[in-house]
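In what follows, a single structure is set out as structure tokens and then discussed.
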Amino acid sequence: MAIYSFWIFDKHCNCIFDREWTLISNSASGTINSKQTEETAKLLYGMIYSLRSVTQKLSRDDTANDVRSISIGKYRIHTYCTASGLWFVLLSDYKQASYAHVLQYIHSHIYVKYVTHNILSPYDFAANENETRGQGFRKIGNRNFISSLEAFLAPMIAQ
Amino acid sequence: MKSKEDINQSDKKMDRPNVASNAPTVADTQEMTEQQKLQHQLQIFQNSLPKVSQTAYMMLLNECVPLSMAVERKRGDCNSKLDRNCDDEVSQAGEQLQKIHVSPPLDPPSHQLCRELYEADEEKHNRVLDRLRNIGFEIGNKITELLVFSNNPNLQFKDMDLLSVMKFICRDVWRQMFNKQIDNLKTNHRGTFYLFDYDYQPIQSFALDSESSEKELQMVKPFLEIAVGVIKGVLASIGHAPEDVICLASYVDRPDEKPKASFTKGVSFHVQITM
Amino acid sequence: MSAPAQSKSLKAIGEDTWKNKTEKVNAELFTLTYGAIVSQLCADYDRDFQKVNNHLFSMGYNIGVRLVEDFLARTALPRCENMVKTSEMISKCAFKIFLNMTPQVTNWSSEKDAFSLMLDENPLSDFVELPMDAMKQLWYSNVLSGVLKGALEMVQLDCDVWFVSDILKGDPQTELRIKLNKVLKDEVPIGED
């Protein structure tokens, strides 16, 4: 199996979308925005946050330095972080070195199209102070976003 | 008011002017070349005009809906207190803000205003729609000046009959605003028209939940009202007073042949002009 | 020198994105549409131009918070290290990509935390003339202030944005000022600080 899961975190430390795939044979398998993945989300967030902090401090000159991927035992974590505080995260096997273009595509052609330009959807998923700093629970649930994402990632799951 | 079916039956020779295709007729090939030359010139002229990004335009247009709701909210708030007090407060606050350049108070986010509009009572809701139609009317009223161009082979306003005006709306106005034409135009040749846009541009990204629903359709409906105003505005600029024109927007099913779109419904604009 | 090289590529990014990756509409239509919106607001508020100014600002804010995401997606630019970079990004990239204009950046404050944009051309207000009462009080293009405020806030820059002068009011030029109040700290999960 090539891709195991996909996550989006926002600038309030919240996971606003997650998709886990469980069966290599069935790209429709797995969960979307499930409660069971909350713990994993928090761990994932924490790890990426710590590594990003260190990475930024290890900058050699003025140019920005950021995490692109983290290789761990059985899988690789790919991250794409935007200046607006969104993190697009993909967990994959070792076959492909970089998924940066995939994550960038998701940001520009799926997220911007079906969340940012969707005036019925919030652009900020924390409705108030109490939902910031990792305490939020709202997720991206609109069908255009989900179906576009599925269509885009499904071919990459079993490779 | 006649339904679409009535029109279908009462007029067997249903005119469906094919606005989308430019299929040349055999008739007068020399005239066609002249036509094509003028079209080409028009294209070059259009391309040379100053432009802005369509994204910026579409966001400005769509933001009118939450804006109109926010105005309704503000006016509602003011009416509930004593008018004079409220105005004084706002003016004073405004003057102070001007001096120290702090940002003015902000409205709720757009998606929340859209929800408030959906939940508003009928009177409020209609006032907001009126605002949107007014904005559209002003655009439509002036857009003819923008598009009247002596080289434009589509436009000879002196001799324009109603059908030509409607084709102008379907072709030129729609293309300017939405980068596409109306997909289908139907008429009974007695002042009633249906303009079908199966992929109405401004709403393509909109979706509420995991399932398409009546609530979603109702929340999106206000986004059709600016176009309603535009149609009335164009007709007014060519001599058809708004009192003589009825224009209503509604959803229609998209034809099966059309490739799947992100917004499930198409839009039809029903225009009725009393002569 | 890294600074001029970075400037050049920002300009190139702006121009390339405008030329090749942007669908376009007639600027006149844009002017006309914005004029209709301002007109309607003036009617709604009985020509109380202070209220109109405020509402143009808040409309702009709601546009800006979303527009910035579109901008970041098109350009994949990272956060700016300082206001100088920010000013270049705004004038060479953002204004270019959305409005096909490149305002000049001037009037830097001594701490380099505030600057002005000189708008020589402005598609919002081309050929617009204001009536006398509006000339005194209306900041016609105030939507731009809101857009910039909202957009900058989304990249953790809390700024004040306001018009200093406007040729529509009879001033010699149109000047938009941006002042950084503070850099907003990135949030840390509760329990981790």
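We name chains A, B, ... by the order of the sequence lines, and we start the count at 1 in each one.
- In this structure, the portions of D107(B) lying under 4.5 Å from any heavy atom of chain C include both its backbone and its side chain.
- A cation-pi arrangement is absent between K179(C) and W162(C), since the terminal nitrogen or guanidinium carbon is not both under 6.0 Å from the aromatic centre and inside a 45° cone about the axis.
- Here the CG atom belonging to L29(C) is positioned 3.5 Å from the OH atom belonging to Y57(B), to the nearest 0.5 angstrom.
- Side-chain contact check for N122(C) and T174(C): no donor-acceptor pair (N or O, by modelled atom type) lies under 3.5 Å.
- No other option in R177(C), M101(C), E28(C) has as many heavy-atom pairs under 4.5 Å with chain B as E28(C).
- Contact count versus chain B (heavy atoms, under 4.5 Å) is highest, among N181(C), L99(C), D126(C), for L99(C).
- Both the backbone and the side chain of R66(C) come within less than 4.5 Å of a heavy atom of chain B.
- Donor-acceptor pairing under 3.5 Å is lacking for the side chains of D199(B) and Q204(B).
- For P108(B), the part lying under 4.5 angstrom from a heavy atom of chain C is the backbone only.
- In summary, the side chains of T102(C) and S91(C) do not present any donor paired with an acceptor at a separation below 3.5 Å, with no hydrogens or angles considered.
- M58(B) does not touch chain C: none of its heavy atoms, backbone or side chain, sits under 4.5 Å away.
- The residues E15(C) and K96(C) are annotated as not salt-bridged, no charged nitrogen and carboxylate oxygen being separated by less than 4.0 angstrom.
- The most heavy-atom pairs under 4.5 Å with chain B, out of H55(C), E121(C), M59(C), come from H55(C).
- Residue contact with chain B, scored on non-hydrogen atoms closer than 4.5 Å, involves the side chain of Y61(C) exclusively.
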Hey, can you pull the donor-acceptor pairs under 3.5 Å for the side chains in residues 220-233 of chain B, sequence neighbours left out?
| unit_1 | atom_1 | unit_2 | atom_2 | d |
| --- | --- | --- | --- | --- |
| K221(B) | NZ | A249(B) | O | 3.4 |
| E225(B) | OE1 | R133(B) | NH1 | 2.4 |
| K232(B) | NZ | V245(B) | O | 3.2 |

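- Heavy-atom distances place the side chain of K149(C), and not its backbone, under 4.5 Å from chain B.
- Counting heavy-atom pairs under 4.5 Å between each of N62(C), I37(C), N100(C) and chain B puts N62(C) at the top.
- When only modelled atom types and interatomic distance are considered, Q137(C) and N53(C) share no side-chain donor-acceptor pair under 3.5 Å.
- Proximity to chain B (any heavy atom under 4.5 Å) is restricted, for D70(C), to the side chain, taken from C-beta onward.
- Proximity to chain B is limited to the side chain of T22(C), based on heavy atoms less than 4.5 angstrom apart.
- Salt bridge K180(B)/D197(B): present, at least one basic N to carboxylate O contact under 4.0 Å.
- Contacts between I97(C) and chain B at a heavy-atom distance below 4.5 Å involve the backbone alone (N, CA, C, O).
- Chosen from P50(B), C64(B), S53(B), the residue pairing most often with chain C at heavy-atom distances under 4.5 Å is S53(B).
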